[in-house]
Amino acid sequence: MGKVATSLLNLEDEIVTLKNRMIDIGLSKGLTHPDTVKCSQELDVVLNYFQQMNSHQSTYVQ
């Protein structure tokens, strides 16, 4: 497995972790609580990076 594929798997794990954390915070503190919003923003950054990495991998595979 190449570096990019490994990085994508690590990012997928991080996405799942952040998503679950955001859900937990949202359920306990509310969806508009600053902690929920902060976690959502962190998740957005990781998702955007994942999408960039994934599109670059697709370019190399073709």
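This one's a predicted model, so the numbers in the text were calculated from it and none came from an experiment. The figures here come from the full heavy-atom set of this structure, side chains too, leaving out hydrogens, waters and symmetry mates. Along the sequence shown, residues carry numbers from 1.
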- Item | Gap between atom CG of Asn54 and atom CD of Gln52 - 0.5 Å precision | 11.0 Å
- Query: For Ile23, what are the other residues in its hydrophobic cluster, where any two members join if their side-chain heavy atoms are less than 4.5 angstrom apart?
  - Reply: Leu27
Side chains of residues 7-20: which donor-acceptor partners sit under 3.5 Å, not counting sequence neighbours?
{"from": "Ser7", "atom 1": "OG", "to": "Lys3", "atom 2": "O", "distance (Å)": "3.0"}
{"from": "Thr17", "atom 1": "OG1", "to": "Asp13", "atom 2": "O", "distance (Å)": "3.0"}
{"from": "Asn20", "atom 1": "ND2", "to": "Val16", "atom 2": "O", "distance (Å)": "3.3"}

Side-chain donor-acceptor pairs of residues 30-45 under 3.5 Å, sequence neighbours excluded:
{"from": "His33", "atom 1": "ND1", "to": "Asp35", "atom 2": "N", "distance (Å)": "3.0"}
{"from": "Asp35", "atom 1": "OD2", "to": "Lys29", "atom 2": "NZ", "distance (Å)": "2.5"}
{"from": "Thr36", "atom 1": "OG1", "to": "Gly30", "atom 2": "O", "distance (Å)": "2.8"}

